[in-house]
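What follows is a short report on a single structure.
The first residue in the sequence is number 1, and the count goes up from there.
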Amino acid sequence: MRKLPVTALRPGQIFTEPVYIQDNNLFVPAGIPVKKKDIDRLIKWGIDTVLTDGVAVSDAPSGTKDTLDTKSTPKGTEAKQNTSISLISLPSVMDNAPSYRTYTDLINKLGALFQNITDGLSVESRSIDGIAGRLLQAVREHRDQIVGYILGGEVANYPLAKSSVNTAILSTLIAMELRMPNHKILQVTTGALLHDIGMLKLPKDIVEKKGGLSETELSRIQAHPLYAYKMICKELLYPEEVGVIALQHHERWDGEGYPRRLAGEAIDLGARIVSVADAFEAMVCEKPYRNSMIGYQAMKNLLSDNARRFDPEVLKAFIKTMGIYPIGSIVLLNTGAIARVIEGHSDAPLRPKIRILVDEFGNAFNNDDGEIINLLQEKSMFIARAIDPKELTRGHE
């Protein structure tokens, strides 16, 4: 495999064979055009060369989809892919696994507490402490399964509680990756669970409005961190360290956030962590006013932030712990098989461990008993693109 200087790449180039970053991490599949953003990212990461057995044969015409675009399909796999998708319904993660029961129970318990607050009933902080403790334990004991439920779980009740639990799971992982002390991790977990509690003070028709918000409505939405801070510190009697996470989670690294337009390290670290986790959760989970986004595209959006909204070090920790294809993502392989990501590799984010859902011959494994493949070891296989899970059930609608 020959080395190719990054400086020799140009937007729109198409190669006859896949192009890899160091350690066989896929940069662009064969037949898919290179995009300027991807070249810029290599330069930003300090990568000088890429590897390929192929040659650049042509430039993509204007308007061609970019690297690993969600509509791009490797040559020779289109027929297999279409057949496979029409045959499968996604293997459900809603099983009797203890980790999934814990996940749904956390959401239901937090949802019940939020409902009590909405109804004006008294809520004690020890009830929230119990949820935070169980969540932290679940992340430590069942990390991959718990993270997978964020993309694959189906919990219809308590949407705010589900969003808060998901954000707390992700925030906890980031805090662990940053090697924070245990008591600080617990504070981050608790702050993440409560970061949007101020939304309970807002009219439901504003929170769930599908159209644009008026200036008055936007001002009310932007007041929710202040409401949350007061509720956390004055009503639930948590220390300042927990309240400030909720107060500042909408501040931006570049100083353009709210409510106080803080910038950089003036923003509490816990709030910077929750900001990243909350943004990812909002992109991948369906809301009344917005469709969900696949995990890979959400990761690409975060990677393109360029120190505007997020602390670059916090974002780096999140990418390292989650991977470019987050656990639970559905992906199409170069063989034409379809798989679900079940485990990531922090040192090789493009080559996770996967479980086959539909093999290259169109055989579906509906009981989630397909072969497990570690792409770090199977060098001949790579992810061609991420798939929206909705595609997998399209043939049954």
Side-chain angles (χ1 to χ4, degrees), residues 6 9 11-12 18-29 32-50 65-72 147 150-151 166-167 169-171 173-175 177-178 249-254 256-257 264 267 272-285 290 292-332 341 344-352 375 382-388:
V6 169
L9 298 174
V19 181
Y20 296 92
I21 307 172
Q22 55 196 355
D23 299 323
N24 285 328
N25 290 331
L26 180 69
F27 172 60
V28 56
I32 304 299
V34 176
K35 190 180 177 187
K36 183 178 184 299
K37 279 186 179 179
D38 299 315
I39 299 173
D40 291 343
R41 192 168 295 139
L42 293 182
I43 295 170
K44 182 178 178 181
W45 288 347
I47 296 173
D48 300 321
T49 59
V50 291
K65 297 294 183 181
D66 65 355
T67 306
L68 292 179
D69 186 274
T70 56
K71 300 299 182 186
S72 303
V147 172
I150 294 174
L151 292 182
N166 288 344
T167 301
I169 291 168
L170 299 172
S171 298
L173 287 170
I174 298 172
E177 181 64 32
L178 291 172
H249 78 278
H250 278 295
E251 301 287 0
R252 291 171 46 128
W253 188 250
D254 62 5
E256 295 297 317
I267 305 167
R272 283 179 263 154
I273 290 171
V274 171
S275 177
V276 171
D278 182 50
F280 179 82
E281 197 282 334
M283 285 188 278
V284 300
C285 294
R290 181 180 59 242
S292 61
M293 183 184 294
I294 60 176
Y296 169 74
Q297 187 60 50
M299 280 296 180
K300 283 191 71 174
N301 284 2
L302 291 177
L303 279 167
S304 65
D305 180 67
N306 292 324
R308 293 191 300 269
R309 183 173 174 184
F310 308 114
D311 176 347
E313 292 304 312
V314 171
L315 186 56
K316 188 185 298 183
F318 182 61
I319 300 297
K320 187 174 181 181
T321 193
M322 289 290 286
I324 301 301
Y325 297 97
I327 294 169
S329 298
I330 310 302
V331 295
L332 174 69
V341 176
H345 299 299
S346 61
D347 55 343
L350 294 171
R351 302 193 69 80
L375 293 180
F382 59 82
I383 294 173
R385 72 173 177 96
I387 290 178
D388 188 334

Smallest separation among heavy atoms of Cys285 and Asn166, with atom names: SG-ND2, 3.6 Å

According to ring pair (Phe, Tyr, Trp, His ring centres under 6.0 Å), who are the partners of His345, at least two apart in sequence or on a separate chain? none

From Met299 atom CE to Ile319 atom CD1, the distance as rounded to the nearest 0.5 Å: 4.5 Å

Residue pair Ser171 / Ile273: nearest heavy atoms and the distance that separates them: O-CG2, 3.5 Å

Heavy atoms only: give me the nearest Leu302-Ala279 pair and the separation to one decimal. CD2-CB, 4.3 Å

For the NZ atom of Lys36 and the CG atom of Asp40, what is their distance to the nearest 0.5 Å? 3.5 Å

Measure the CG-OG distance between Leu151 and Ser329 for me, rounded to the nearest 0.5 Å. 5.0 Å

Looking only at heavy atoms, what is the nearest atom pair of Ile267 and Trp253, with distance? CD1-N, 4.1 Å

First locate atom CD1 of Ile150, then atom CD1 of Ile169, and finally report the distance between them rounded to the nearest 0.5 Å. 4.5 Å

State which residues pass side-chain hydrogen bond (donor to acceptor under 3.5 Å, both in side chains) with Arg309; sequence neighbours excluded, sorted by chain then number. none

I need the Glu251 CD to Ser275 OG distance, nearest 0.5 Å. 9.5 Å

Taking only residues two or more places apart in sequence, or in another chain, which ones meet Lys320 in a side-chain hydrogen bond (donor to acceptor under 3.5 Å, both in side chains)? none

side-chain contact (heavy atoms from CB on, under 4.5 Å) against Lys316, all qualifying residues, sequence neighbours excluded: Glu313

Pair Ile294-Val284, side-chain contact (heavy atoms from CB on, under 4.5 Å): steps then yes or no: CA-CA 6 Å; Ile294 60 176; Val284 300; over 6 Å; no

Over all atoms of both residues, closest heavy-atom pair of Pro349 and Gly323: CB-CA, 4.1 Å

For the residue pair Tyr296 and Tyr325, does the interplanar ring angle fall in the parallel (under 30°), tilted (30 to 60°) or perpendicular (over 60°) class? parallel

Using side-chain hydrogen bond (donor to acceptor under 3.5 Å, both in side chains) as the criterion, list what pairs up with Asp278, not counting sequence neighbours. His195

Starting at CG of Leu332, measure out to CZ of Phe382 and round the result to the nearest 0.5 Å. 9.5 Å

List the atom of Val331, the atom of Ile387, and the distance in Å for their closest heavy-atom pair. C-CD1, 4.1 Å

Return the set of residues passing salt bridge (Lys or Arg N to Asp or Glu O under 4.0 Å) with Asp311 (not counting sequence neighbours), or none when no residue passes. Arg272

